[in-house]
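One structure follows; several queries about it will come next.
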Amino acid sequence: MKKQSVDVVVIGAGSAGLNAAAELRRAGVEWLLVEGAQYGTTCARVGCMPSKLLIAAADAAECVERASIFGIEATNVRIDGAAVLDRVRRERDRFVAGAVADTERLPAERRLLGRARFVGPTTLRIGDDLEVAAKAVVIATGSSAVVPPPLRAVRDRLRTSDDIFELPRVPASLAVIGTGIVGLELGQALERLGARVTFLDRSTTLGPLTEPALQRYVRSVLERKSNLELGVDVQSAELAGQRIRLTWRSADGEERAGEFEEVLVAAGRKPNLEDLDLEKTGLELDERGMPAWDSQTTQCGDAPIFMAGDVTGHAPLLHEAIDEGRIAGENAARYPDTSRHVRRAPLVIVFTEPQMAIAGQPYSSLDYGRTEIAEVSFENQGRARVMARAVGLVRLYATRDDCIFRGAELFGPNAEHLAHLLSWSVQQRMTVQRMLRMPFYHPVLEEGLRTGLRALARQLKVANGRPCEDMAESPGM
Ligand SMILES: Cc1cc2nc3c(=O)[nH]c(=O)nc-3n(C[C@H](O)[C@H](O)[C@H](O)COP(=O)(O)OP(=O)(O)OC[C@H]3O[C@@H](n4cnc5c(N)ncnc54)[C@H](O)[C@@H]3O)c2cc1C
């Protein structure tokens with residue numbers, strides 16, 4: 001057995017691990033980056049980038065389909081599903097090549113391919129013949145798709161986000177198990193590209209929005225086009241020739257079944273901790289096998305062990321993985337003199353059509369007794385009507401005692417951009433009246449936000465008995 005000593009080992013060369021390594025390099029300590037599968041990151045290979053490529057194709061198809069609304073007849077339109085998926089893979093491969101090149105630019109003696117597991121508090125076995133003793137460890141091992149037990153009998157025939165982009169063409173029929181972000185984004189994209197899709201979920205929620213009023217609205221909109229089987233219990237999966245037969249019990253207790261060319265399982269992801277033998281670290285683990293973790297230091301308890309990215313289960317998003325990697329790298333290098341970092345305002349975007357987003361605090365985390373809630377519909381919003389995309393609802397939150405804007409949940413056209421403005425306002429702790437003093441062009445979707453903010457301001461004025469600064473509405477706007 002070969003033995004080696006370094007200051008810090010980073011486990012996992014994904015987005016979090018690479019950013020931890022960058023920070024360690026800057027700190028000038030001895031470090032080692034260990035990757036158990038392949039370079040290229042989940043984001044580039046099977047996550048953010050290929051999913052957005054598929055959605056871009058779906059947007060193009062929808063644009064053509066909707067052109068007739070504007071008096072433009074696009075005749076003989078045909079979606080070449082094989083060409084769509086070819087482009088997804090071609091462009092995906094460019095992103096992967098970029099991420100691999102970034103990784104390979106790191107000094108060869110600082111990176112290693114092999115699976116790591118703990119054999120002591122900060123000692124790791126890598127593969128079969130190397131043991132590395134470190135002063136601190138950064139765990140950045142990501143997460144994996146979960147396949148629920150009733151589906152495991154046909155595991156080899158199911159798809160997850162790991163292999164959905166390898167489809168040779170758009171399937172004629174598809175079942176999507178899970179109506180979280182991944183299931184909705186991928187299922188809806190394939191639906192807009194011509195697949196007949198059935199969405200199944202045990203819960204009755206669609207995506208991450210937490211406000212019941214918004215969930216009801218989202219459902220009423222999405223079920224106009226999509227076959228939603230919510231509140232169901234999927235009971236079995238079996239092969240039926242070339243197809244997969246699923247049986248489920250509907251929300252009203254009825255037994256139902258369907259046969260599908262493909263089944264996408266998007267039933268959640270679990271942190272990749274199982275293979276790490278984390279119990280050898282001496283960390284106290286909860287019933288899910290997770291150690292206590294501080295989001296401001298990324299430290300686990302008071303041990304010289306740091307976690308970053310999806311493995312934390314905190315906010316499984318790329319920008320959060322990058323931040324956590326940076327914090328973990330910095331703190332692992334300077335352990336035990338760790339520093340706390342104030343995290344950015346929350347921001348979650350779902351690239352469905354219409355899009356969903358959470359900017360700042362979600363409804364579920366509000367202090368309801370102190371919070372004023374206003375809403376704005378996009379069904380009659382000027383620019384949304386111009387674009388024939390007048391669907392949507394935004395709910396906005398501010399605290400009564402200080403008029404500070406706390407967050408919003410959004411469902412509507414281009415919510416990705418509106419949510420950025422709102423989360424930046426949350427991070428700057430802007431009051432509603434200050435937000436209203438910002439410029440709003442005309443005619444833009446942001447004017448819809450202004451309508452909602454004005455409603456919020458009116459409510460706040462009533463609520464605290466002291467007028468928020470005047471933000472007079474101009475007639476005719
Ligand atoms: C379909 C899909 C779409 C997404 N879309 C978006 C989006 O639009 N926007 C967004 O912000 N986020 C999106 N995400 C989430 C985003 O991709 C992740 O948050 C991010 O990639 C997590 O990075 P990470 O470094 O934590 O994990 P990863 O990039 O997965 O890196 C973990 C690495 O650790 C390695 N590893 C695991 N165990 C070991 C071990 N024992 N030893 C050595 N190495 C090990 C793995 O092989 C892997 O390379 C999406 C995810 C999916 C699945």
Side-chain angles (χ1 to χ4, degrees), residues 9-21 32-56 88 92 95-96 99-100 102-103 111-118 124-127 130 132 137-146 159-165 176 178 180-187 189 208 264-278 298 307-326 328-329 344 346-352 355-357 416 419:
V9 174
V10 179
I11 313 175
S15 306
L18 287 171
N19 279 280
L32 189 63
L33 175 65
V34 185
E35 168 53 47
Q38 51 189 346
Y39 296 151
T41 80
T42 290
C43 171
R45 261 183 208 290
V46 292
C48 328
M49 302 317 284
S51 60
K52 266 76 259 177
L53 284 162
L54 190 68
I55 290 164
V88 168
R92 184 263 325 260
F95 291 118
V96 171
V100 171
D102 282 349
T103 315
R111 51 190 166 81
L112 203 62
L113 283 167
R115 289 202 80 74
R117 65 194 157 86
F118 285 91
L124 293 151
R125 178 81 44 86
I126 295 159
L130 176 65
V132 181
V137 178
V138 175
I139 301 172
T141 48
S143 61
S144 307
V146 172
R159 303 233 176 219
T160 66
S161 52
D162 288 345
D163 53 8
I164 192 81
F165 305 108
V176 176
I181 299 180
V182 172
L184 282 183
E185 282 192 355
L186 297 178
L264 168 65
V265 184
R269 298 179 67 85
K270 63 172 188 338
N272 289 332
L273 283 173
E274 271 167 19
D275 299 342
L276 285 178
D277 291 347
L278 212 54
T298 73
M307 284 205 309
D310 280 14
V311 69
T312 66
H314 167 234
L317 301 167
L318 194 268
H319 68 281
E320 302 280 8
I322 289 173
D323 283 354
E324 286 164 7
R326 294 266 167 188
R344 293 173 215 255
L347 176 61
V348 180
I349 293 168
V350 188
F351 294 87
T352 43
Q355 295 179 339
M356 301 177 199
E416 61 177 294

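Count residues from 1 along the sequence. Each ligand, and each atom within it, is numbered from 1 in the order the structure gives.
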Any side-chain heavy-atom pair of Leu33 and Leu18 under 4.5 Å:
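Contact flag for Leu33/Leu18 side chains = yes.
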Evaluate the side-chain proximity of Ile139 to Leu278: yes if any heavy-atom separation is below 4.5 Å, no if none is.
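The answer is yes, as the side chains (C-beta and beyond) meet within the 4.5 Å cut-off.
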List the atom pairs, with distances to 0.1 Å, where a side-chain N or O of residues 41-55 and a protein N or O form a donor-acceptor pair under 3.5 Å, not counting sequence neighbours.
{"from": "Thr41", "atom 1": "OG1", "to": "Ala44", "atom 2": "N", "distance (Å)": "3.1"}
{"from": "Arg45", "atom 1": "NE", "to": "Tyr39", "atom 2": "O", "distance (Å)": "3.2"}
{"from": "Arg45", "atom 1": "NH2", "to": "Tyr39", "atom 2": "O", "distance (Å)": "2.4"}
{"from": "Ser51", "atom 1": "OG", "to": "Gly47", "atom 2": "O", "distance (Å)": "2.8"}
{"from": "Ser51", "atom 1": "OG", "to": "Cys48", "atom 2": "O", "distance (Å)": "2.9"}
{"from": "Lys52", "atom 1": "NZ", "to": "Glu185", "atom 2": "OE1", "distance (Å)": "2.7"}

Considering only heavy atoms from C-beta outward, does the side chain of Asp277 approach that of Arg125 to under 4.5 Å?
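Result no, sub-4.5 Å side-chain heavy-atom pair not found.
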For a quick check: using heavy atoms under 4.0 Å, what are the residues in contact with ligand 1, sorted by chain and number?
Ile11, Gly12, Gly14, Ser15, Ala16, Val34, Glu35, Gly36, Ala37, Thr42, Cys43, Val46, Gly47, Cys48, Ser51, Lys52, Gly114, Arg115, Ala116, Ala140, Thr141, Gly142, Ser161, Val182, Arg269, Leu276, Gly309, Asp310, Pro316, Leu317, Leu318, Ala321, Phe351
Verify, without hydrogens or angle tests, whether Asp310 (side chain) and Ser143 (backbone) share a donor-acceptor contact under 3.5 angstrom.
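No.
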When you measure from the side chain of Asn19 to the backbone N and O of Ala16, does any donor-acceptor pair fall under 3.5 Å?
no
